[in-house]
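Data first, discussion second: the structure below is written as structure tokens.
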Amino acid sequence: MTTHSPNSWEARAEAHALYGFTDLPSVRERGTVVVTHGEGPYIFDTQGRKYLDSNSGLWNMVAGFDHPGLAEAAKAQYDRFPGYHAFFGRMSDQTVALSERLIEVSPWDRGKVFYTNSGSEANDTLVKMLWFMGRAEGTPAKRKILTRGNAYHGVTAVSASMTAKPYNEVFGLPLDGFIHLTCPHYWREGMEGESEAEFTARLAAELEEVINREGADTIAGFFAEPVLGAGGVIPPPEGYFQAMQAVLRKHGIPLISDEVICGFGRTGNIWGCETYDFVPDAIISSKALTAGYFPMGAVMLGPEMADRLQAAIDPIEEFPHGFTASGHPVGCAVALKAIDVVLEEGLLEAVRAGAGRMEQGLRAIAAHPNIGELRGIGYMWALEAVREGKTPFEGDLSVSERIANTCTDHGLICRPLGQSVVLCPPFTLTDGQMDEMFEKLDAALRKVFAEIT
Ligand SMILES: *Cc1c(COP(=O)(O)O)cnc(C)c1O
């Protein structure tokens, strides 16, 4: 147990602040890291310690912590017009410009955008849109939502119901009508002797079975992250989205790509659906949308969904939904700049160029016998720790927390996730900083595995 002087940042944090998604025994033992500022991919705390944040904050700070152009875009917009809503037929010029830009960079030739403050609210909003459209189209039973095991879609009551994680049981979630299919993780879920193609075919058959069991006329949509992020960085098996989309199309069920993590470069293309070669009916965006410099989410509807929504709105002449800060002019100005930074200032190329180097460096580290799987793409990777083969370490060893805490001691932030550790650095990472990440991670892994094996 650490004790802090009563006026320390750590003591004040523990006295007054609540922790979300935090392993509290670790905090009690180690104290809170109170962060004051950042430089490139580094953050600094109140004790003057420096950490390489290999998680880009929470996947979102893709341009690092001190990008001058992004801060300037925010300041310029604060000076010009610091806040407005998008209700009652009014919206800011920045909101218009961003909507146009998002559709321009979308996989569609036309569509519509609706803004939220977060990814959770964007998923929630799209579920409400689907329910709204179902009722307007005379199919009010079309309400069920399909997602996959280990999916992460957010924390509001609806998006937490879509999130297929056991921790939501403490809330009595999921709500009825949220159905979780098998996680598309070949290494964990593939059966003895089953090829990757056979695994994909089995998952598509499961989808078909669930649709037939529940009735296609009761299912509103299928939501999927191109690569499961908070589920442990799980890329899909070969041919997965093609197989799933064929089944969905047959039954008239929309495919929604939750691109909150994958969107804007993380997989090496602007969208994860581009990387995996499918065109979804709608896209959920947040996180890197503003490079983390403003809280914002967006629901992007492709042509068909935009038309369906418009047809549902027409009879009542209004879509009764929106947030006070939907389409906030500062958020939109920052997002416009962030899209330029990723697409025009070389960040996408940086991920493409650095991905092979990142994989190679992590492969060398993953040769350790206690790493069961290295998986990922672009600038999102996970190493899964195992006792041996595919057998996990005993839960009470908290292996991934130990690794992450040891990394923190070495000045590297990485994220514990189940039995895995996640690395998803800013796209601005230099080769030298990448090497620093490898060295610190390798040292931490060796230390922890030596302690527990
Ligand atoms: C983070 C995340 C969300 C939720 O976004 P918040 O802004 O935290 O509400 C939704 N979907 C995915 C894929 C995410 O990674």
Side-chain angles (χ1 to χ4, degrees), residues 18-22 55-62 114-128 145-165 167-168 171 173-174 178 180-181 183-185 221-236 241 255-267 270-273 275-276 280 282-300 323 325-328 331 334-335 338 376-382 415-418 420 422-424:
L18 280 167
Y19 296 84
F21 286 118
T22 293
N55 285 154
S56 310
L58 267 180
W59 313 86
N60 55 347
M61 308 297 294
V62 297
F114 195 97
Y115 297 97
T116 67
N117 307 295
S118 67
S120 302
E121 291 166 329
N123 278 311
D124 229 281
T125 293
L126 186 41
V127 170
K128 279 182 75 182
I145 301 294
L146 306 181
T147 61
R148 293 97 42 83
N150 267 320
Y152 187 87
H153 296 291
V155 295
T156 56
V158 158
S159 62
S161 296
M162 299 162 70
T163 292
K165 296 277 205 171
Y167 56 66
N168 279 321
F171 302 106
L173 294 173
F178 290 81
H180 304 154
L181 306 171
C183 177
H185 187 184
F222 172 87
F223 287 69
E225 303 154 81
V227 179
L228 287 100
V233 187
I234 301 167
F241 281 103
L255 165 59
I256 295 105
S257 192
D258 184 339
E259 301 261 2
V260 170
I261 285 176
C262 294
F264 301 103
R266 188 55 73 187
T267 66
I270 178 162
W271 305 113
C273 61
T275 298
Y276 293 104
I283 286 177
I284 299 295
S285 177
S286 189
K287 292 200 168 100
L289 172 62
T290 56
Y293 281 57
F294 199 90
M296 191 157 93
V299 178
M300 300 169 55
F323 301 92
S326 288
H328 193 289
V334 171
I377 188 167
Y379 269 18
M380 57 191 300
W381 293 86
R415 174 165 174 196
L417 237 177
S420 303
V422 169
L423 300 137
C424 49

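All residue numbers refer to positions in the sequence shown, counting from 1. Heavy-atom basis, side chains included; hydrogens, waters and symmetry copies ignored. Remember, it's 1-based here, ligands and their atoms both numbered in the order they're listed.
By the criterion of a heavy-atom distance under 4.0 Å, the side chain of E225, and not its backbone, is placed next to ligand 1. With a heavy-atom cut-off of 4.0 Å, E121 does not touch ligand 1 at all. In W59, neither the side chain nor the backbone holds a heavy atom less than 4.0 Å from any atom of ligand 1.
Summarising the geometry of V422 relative to L417, their closest heavy-atom pair is CG2-CD1, 3.4 Å, with the distance given to 0.1 Å. Shortest non-hydrogen contact noted between G331 and F294 is CA-CD2, 3.3 Å.
Closest to atom 12 (C) of ligand 1, if we only count protein heavy atoms, is Y152 O, 3.3 Å. Protein heavy atom closest to atom 6 (P) of ligand 1, with residue, atom name and distance, is G119 N, 3.5 Å.
On a distance-only criterion, G154 and ligand 1 share no N/O pair closer than 3.5 Å. Checked against a 3.5 angstrom limit, the closest N/O atoms of S120 and ligand 1 fall inside it. Between D258 and ligand 1, at least one pair of N/O atoms sits closer than 3.5 Å.
In this structure the side chain of P280 never reaches within 4.5 angstrom of the side chain of F241, judged on heavy atoms. Between R415 and L58, some side-chain heavy-atom pair lies under the 4.5 Å cut-off. Counting heavy atoms from C-beta on, the side chains of K287 and F264 never come closer than 4.5 Å.
Short contacts between ligand 1 and I261, defined as distances under 4.0 Å to a heavy atom of the residue, involve ligand atoms 15 (O). Applying the 4.0 Å criterion to heavy atoms of K287 picks out, from ligand 1, the atoms 1 (C), 2 (C), 3 (C), 14 (C), 15 (O).
Between Y152 and F21, the two ring planes are perpendicular [angle over 60°; tilted spans 30° to 60°].
At most 12 non-hydrogen atoms from other residues, nucleotides or ligands lie less than 6.0 angstrom from CZ of F171.
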